[in-house]
Number of protein chains: 2
Amino acid sequence: MKQETRQEEIIRVAAQLFKEKGYSAVTMRDLATAMNIKAASLYNHINSKQDILESIIISIAEKFTVGMTSVLASDATCIEKLKEIIALHVEISSQNIYGMAALNHDWMHLEAQLNHYKKLRSDYENDFKTILIEGVNSGEIIDIKPDVMMFSILTTLRSLYLWIPKKEDVNLKELTNNLNEILIKGVVK
Amino acid sequence: MKQETRQEEIIRVAAQLFKEKGYSAVTMRDLATAMNIKAASLYNHINSKQDILESIIISIAEKFTVGMTSVLASDATCIEKLKEIIALHVEISSQNIYGMAALNHDWMHLEAQLNHYKKLRSDYENDFKTILIEGVNSGEIIDIKPDVMMFSILTTLRSLYLWIPKKEDVNLKELTNNLNEILIKGVVK
DNA sequence: CAAACAAACTAACAAGTGTTAGTTTGTTAG
DNA sequence: CTAACAAACTAACACTTGTTAGTTTGTTTG
């Protein structure tokens with residue numbers, strides 16, 4: 001277990017605060033209080049409030065990009081690729097609960113990195129859609145607008161952070177299995 | 001078509017701004033600029049920034065409560081009740097796209113009405129879960145944790161505002177049908 | 001011991017915040 | 001015409017914001 005630097009600690013605590021109130025509503029004094037120091041002291045470790053947001057969001061967004069690249073590379077069936085994506089979201093969300101909140105709620109407050117983030121996101125969505133379209137063409141998947149399917153599945157996966165149990169891995173495996181059932185086969189018996 | 005009062009106009013424009021940047025990041029001067037007046041002039045029509053947020057969120061939350069009450073009253077099957085809930089979300093979301101953004105992102109910035117909102121939300125979720133549990137008991141619905149099913153379906157429905165087409169009603173009917181398929185029967189063929 | 005460093009501090013700033021007070025303007029009703 | 005009113009304005013307030021400058025404190029290293 002690598003020791004956390006003071007900077008990483010600040011970013012981690014900031015993400016927790018961002019989850020509760022959002023980036024804009026969290027002040028540097030709030031963050032300092034949570035760290036038990038004064039606001040000015042934060043600047044010994046970080047460059048700006050904006051930098052904190054960038055660190056949180058971009059690092060997670062890039063994890064998704066890496067994960068999607070590996071899903072695309074596999075020669076699994078479309079349904080299996082979907083399951084891999086579901087597992088990817090459960091994995092990343094469970095390990096970055098607070099960061100996922102910032103990614104979902106506060107990406108629009110990015111400045112220098114806004115376009116970078118947007119590109120990562122739209123590439124990800126395009127890859128996702130491509131997988132679905134292949135499934136439709138091969139007959140694996142129902143012939144409904146891929147946009148709607150992607151939206152439906154992806155918004156559920158993106159909201160996992162709101163809901164995921166911080167408990168043991170057992171529950172995460174079970175959650176993944178349940179999501180596989182629900183998102184792919186639906187809820188009807 | 002009832003004429004919109006100046007106050008309603010301010011609240012409508014505020015909701016649009018809130019959708020883009022969130023409640024905290026929108027200043028009264030931003031809102032005033034969007035209305036082509038000075039910030040102080042807003043206060044001839046509204047009491048406070050907080051009041052605007054309350055108007056937006058509570059009015060929509062209560063629409064959902066009313067809708068759920070009517071779903072519960074029907075003697076339809078569980079699957080049909082689910083479809084009614086889906087239709088309810090498409091209806092309310094399409095008519096309150098900006099307001100839904102505030103409801104989803106900024107409810108935590110409510111002050112006096114925070115507890116009221118939370119109660120409406122948890123009652124709604126309990127009613128939703130009750131419907132699912134009935135479906136599981138009657139064998140209509142797969143036997144997976146109702147919490148996970150509710151979470152999965154409800155987060156998709158709650159995010160509709162991000163995605164709904166502002167186009168014609170035809171598309172809304174089609175969207176509703178597609179969501180019925182995807183959320184209930186899944187995407188697999 | 002002395003030098004170096006990490007990490008805290010106090011004090012302050014310029015800009016921005018929601019909001020109030022009091023006033024002006026133009027339109028509507030008696 | 002005048003009284004009433006809706007709706008805008010200017011000016012200002014007390015407070016909060018992110019951030020900088022310069023300093024102090026305690027620990028680690030040569």
Side-chain angles (χ1 to χ4, degrees), chain A residues 1-58 98 102 105-114, chain B residues 1-58 98 102 105-114:
Chain A
M1 199 81 136
K2 205 186 78 205
Q3 179 69 22
E4 179 179 55
T5 68
R6 199 80 172 114
Q7 180 182 92
E8 288 163 347
E9 195 182 349
I10 289 173
I11 292 172
R12 177 173 54 79
V13 172
Q16 292 177 21
L17 299 185
F18 292 168
K19 187 186 176 209
E20 280 169 29
K21 308 201 298 178
Y23 174 75
S24 303
V26 173
T27 71
M28 296 303 274
R29 285 164 181 83
D30 290 338
L31 177 53
T33 301
M35 293 290 299
N36 282 309
I37 58 177
K38 302 287 169 173
S41 306
L42 293 169
Y43 289 83
N44 286 319
H45 310 282
I46 53 105
N47 291 321
S48 65
K49 190 188 180 189
Q50 174 69 198
D51 268 20
I52 296 175
L53 188 68
E54 285 181 5
S55 298
I56 295 170
I57 293 182
I58 299 297
Y98 303 109
H105 282 70
D106 289 318
W107 60 266
M108 73 285 280
H109 297 119
L110 287 174
E111 293 164 12
Q113 299 278 16
L114 179 59
Chain B
M1 201 80 138
K2 203 185 79 209
Q3 178 69 23
E4 181 179 52
T5 67
R6 199 78 173 118
Q7 180 181 91
E8 287 163 348
E9 195 182 347
I10 290 174
I11 292 172
R12 178 173 53 80
V13 171
Q16 292 176 22
L17 298 185
F18 291 169
K19 186 185 177 209
E20 280 170 30
K21 308 201 296 177
Y23 174 75
S24 302
V26 173
T27 70
M28 295 304 274
R29 284 163 182 83
D30 290 339
L31 178 52
T33 301
M35 294 289 301
N36 282 310
I37 59 177
K38 302 287 169 171
S41 307
L42 293 169
Y43 289 83
N44 286 319
H45 309 284
I46 52 107
N47 290 321
S48 66
K49 191 188 180 190
Q50 174 70 199
D51 267 20
I52 296 175
L53 188 68
E54 286 181 3
S55 297
I56 295 170
I57 292 182
I58 299 296
Y98 302 109
H105 282 70
D106 289 319
W107 60 266
M108 73 284 282
H109 297 119
L110 287 174
E111 294 165 10
Q113 299 279 16
L114 179 59

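Just so you know, these numbers come straight off a predicted model, no measurement behind them. Letters A, B, ... mirror the listed sequences (proteins, then strands); counts begin at 1.
B/N36 has its CG atom 9 Å from the P atom of D/dC9, to the nearest Å. With rounding to whole Å, B/N47 atom CG is found 13 Å from C/dT20 atom C1'. In this structure, A/K38 places its NZ atom 17 Å from C1' of D/dT17, rounding to the nearest Å. Atom CD1 in B/I10 sits roughly 7 Å away from atom P in D/dA8 (whole-Å rounding). Nucleotide D/dA8 holds its P atom 7 Å from the CE atom of B/M35, rounded to whole Å. Spacing between atom CE of A/M28 and atom C1' of C/dA14 amounts to 17 Å, rounded to whole angstrom units. When the P atom of D/dT17 is taken as reference, atom CG of B/D30 falls 17 Å away, rounded to whole Å. For the pair B/Q50 CD and C/dT17 C1', the computed distance is 15 Å after rounding to whole Å.
Minimum heavy-atom separation, A/V13 to A/A34: CG1-CB, 3.7 Å.
The base of C/dA6 does not come close enough to the side chain of A/N44 for any donor and acceptor atom to sit less than 3.5 Å apart.
Among the protein residues, A/T27 comes within range of the sugar-phosphate backbone only, with heavy atoms under 4.0 Å from sugar or phosphate atoms but none that close to a base.
When side chains are defined from C-beta on, A/L53 does not count as touching A/Q113, because their heavy atoms never get closer than 4.5 Å.
Checking C/dA8, D/dT17, C/dT10 against every side-chain atom of A/R6, the shortest atom distance belongs to C/dA8.
For the pair A/S41 and C/dA7, the criterion of a side-chain N or O lying under 4.0 Å from OP1 or OP2 is not met. The side chain of A/H45 contributes no N or O atom lying less than 4.0 Å from OP1 or OP2 of C/dA6.
Across all strands shown, the partner of C/dA7 is D/dT24, judged by Watson-Crick or G-U wobble contacts whose two distances both fall under 3.5 Å.
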Evaluation steps, side-chain contact (heavy atoms from CB on, under 4.5 Å), between A/L31 and A/K49:
CA-CA 10 Å; A/L31 177 53; A/K49 190 188 180 189; over 6 Å; no

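B/E8 places a side-chain N or O within 3.5 Å of a backbone atom of B/T5 that can act as its donor or acceptor partner.
If you find the closest nucleotide of DNA chain C to A/R29 and to A/I37, the one lying nearer the 5' end belongs to A/I37.
The aromatic rings of A/F18 and A/Y23 lie perpendicular to each other, with more than 60° between the two planes, well past the 30° mark.
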